[in-house]
Amino acid sequence: MAFDRNYDAKVRAAAFEWLSRRVSMHGEVLSRDLLARGFELDERRIPLVGPQGIFKPAVMEVPLSITTAPNGPYDDAFGYDNLLRYRYRGTDPQHRDNVGLRFAMQNNLPLAYFHGLVRGKYLAMWPVYVVRDQPEYLAFSIAVDDAKQLDIFSEAHQATGAVADIRRGYVTTTAVRRLHPSAFRERVLRAYRHQCAFCRLRHGELLDAAHIIPDAEPEGQPIVSNGLSLCRLHHATFDRFFVGVRPDGIIEVRSDILSEFDGPTLQHAIQGLHDQPIAVPRKPAERPSVDLLAERYDRFLEVAAAI
């Protein structure tokens with residue numbers, strides 16, 4: 001393998017910088033179209049994903065990224081140690097993609113990892129490292145590391161041993177915890193056609209997936225029927241019981257809020273919701289659970305009665 005470490009580091013550094021900028025603009029969930037377009041370096045277009053999960057751009061000799069497709073054919077999962085078990089390409093350990101990831105492991109090269117949440121949407125993580133090869137399971141183990149610790153042009157990024165293992169274990173555990181809320185958000189927003197259920201705002205960067213029953217409670221499962229797509233303002237008003245949603249999907253504004261005089265934002269953005277229906281998903285199975293709405297509405301009435 002003709003491997004130019006300096007050029008490889010240049011491409012990886014440019015890719016990670018591009019990812020950092022895109023995440024700062026769009027959030028940590030990126031579209032496949034954006035990742036497939038990639039970026040330009042030295043007048044060459046460098047995509048970050050391709051048809052296969054282990055992806056090597058044409059300008060490189062070693063894979064740059066790995067991708068887990070939502071509901072894909074490969075059984076990728078996080079193990080008991082919270083490391084990602086990333087399946088081989090096929091069943092041949094000597095397939096060129098598997099050889100490429102093995103080379104990345106042996107040379108401690110950082111990669112980007114894109115975890116599919118819903119079709120066309122990926123949670124971006126970087127840098128990640130291949131830390132173990134398990135041919136008996138046809139899988140690699142992948143750890144996430146702290147991007148702030150990465151200095152790709154120095155030997156520092158090649159640090160291994162107990163300190164690096166502890167840091168990567170902590171960062172990987174933290175990354176795993178982001179997966180479920182991110183997946184819940186993407187599923188809810190997609191069901192609601194990327195609009196606020198209260199005001200119909202369609203700017204995705206300003207939308208949240210609000211739980212009807214909080215996720216800290218046993219009934220607060222991260223499923224679409226326990227979610228509402230809400231803009232940041234209306235998420236806060238819902239969480240703080242300024243407004244409630246009846247089981248029939250009609251919004252109620254708390255009586256003390258209705259009687260306030262506090263300018264046009266309160267008047268139009270909150271008071272104007274009173275007696276209006278929420279927008280609901282097209283698929284009946286994705287619509288808010290009537291039972292969960294009823295439980296939440298009872299809590300709203302309790303708060304309203306106490307004020």
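Because the structure is predicted, anything quoted here is derived from the model rather than measured. Below, all heavy atoms of this structure are taken into account, side chains as well, without hydrogens, waters or symmetry copies.
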How long is the straight-line distance from [atom2] of [Y] back to [atom1] of [X], given to the nearest 0.5 Å?
X	Y	atom1	atom2	value
L207	Y192	CG	OH	12.0 Å
Q271	R254	CD	CZ	12.0 Å
L206	C231	CG	SG	7.5 Å
C199	H268	SG	NE2	14.0 Å
D298	L293	CG	CG	11.0 Å
R96	R102	CZ	CZ	15.0 Å

Decide yes or no for [X] and [Y]: does some side-chain heavy atom of the first lie under 4.5 Å from some side-chain heavy atom of the second?
X	Y	result
D133	M105	yes
F198	V245	yes
L19	L35	yes
Q276	I250	no
F3	R5	yes
I142	V131	no
M60	D8	yes
V23	L30	yes

Around atom [atom1] of [X], are there more than 12 heavy atoms from other residues, nucleotides or ligands closer than 6.0 Å?
X	atom1	result
F242	CZ	no
Y7	OH	yes
H95	NE2	yes

Legend entry - From L34, V29, T67, L117, residue fulfilling side-chain contact (heavy atoms from CB on, under 4.5 Å) relative to Y122: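 Result for side-chain contact (heavy atoms from CB on, under 4.5 Å) with Y122: T67.
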Donor-acceptor contact present, side-chain [X] to main-chain [Y], <3.5 Å:
X	Y	answer
R132	L83	no
R187	P222	yes
R22	G27	no

Inset, instruction - Applying ring-ring contact (aromatic ring centres under 6.0 Å, His included), run through Y113 and H115 and close with a yes or a no. - result: CA-CA 6 Å; Y113 172 52; H115 187 95; 5.8 Å; yes
Legend entry - Residues S141 and Q134: side-chain donor-acceptor under 3.5 angstrom: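 Yes.
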Inset, instruction - Classify the side-chain pair H211/N226 by whether it contains a donor and acceptor separated by less than 3.5 Å. - result: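 Short answer, no.
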Cluster link [X] to [Y], ILVMFWY, side chain under 4.5 Å:
X	Y	answer
I270	L228	yes
I257	I307	no
L123	L111	yes
V243	L201	no
V49	L41	yes

Legend entry - Ring-face cation contact, F16 with R21, 6.0 Å cut, 45° max: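 No, R21 and F16 do not form such a contact.
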Legend entry - Cationic tip of R32 above F114 ring, under 6.0 Å, 45° of axis: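 Geometry flag: not set, cation outside 6.0 Å or 45°.
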Legend entry - E252: partners by side-chain hydrogen bond (donor to acceptor under 3.5 Å, both in side chains), with sequence neighbours left out: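 Expected list: Y297.
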Inset, instruction - Could you tell me which residues satisfy ring pair (Phe, Tyr, Trp, His ring centres under 6.0 Å) with F140, sequence neighbours excluded, listed by chain and number? - result: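 Checked F140 against ring pair (Phe, Tyr, Trp, His ring centres under 6.0 Å); matches are Y88.
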Inset, instruction - Please report the C-alpha distance between E40 and R44 in whole Å, then the side-chain angles of each, then the deciding distance to 0.1 Å, and finally whether the salt bridge (Lys or Arg N to Asp or Glu O under 4.0 Å) criterion is met. - result: CA-CA 5 Å; E40 282 194 11; R44 297 195 68 175; over 6 Å; no
Inset, instruction - Before accepting this row, confirm whether a basic side-chain N of the pair E186/R190 lies closer than 4.0 Å to the acidic partner's carboxylate O. - result: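 No, no charged N to carboxylate O under 4.0 Å.
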Inset, instruction - Show your working on salt bridge (Lys or Arg N to Asp or Glu O under 4.0 Å) between R299 and E217 and close with a plain yes or no. - result: CA-CA 14 Å; R299 299 182 190 185; E217 301 182 23; 2.8 Å; yes
Inset, instruction - Only one of Q52, R89, K56 passes side-chain hydrogen bond (donor to acceptor under 3.5 Å, both in side chains) with D97; say which it is. - result: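 Only match with D97 under side-chain hydrogen bond (donor to acceptor under 3.5 Å, both in side chains): R89.
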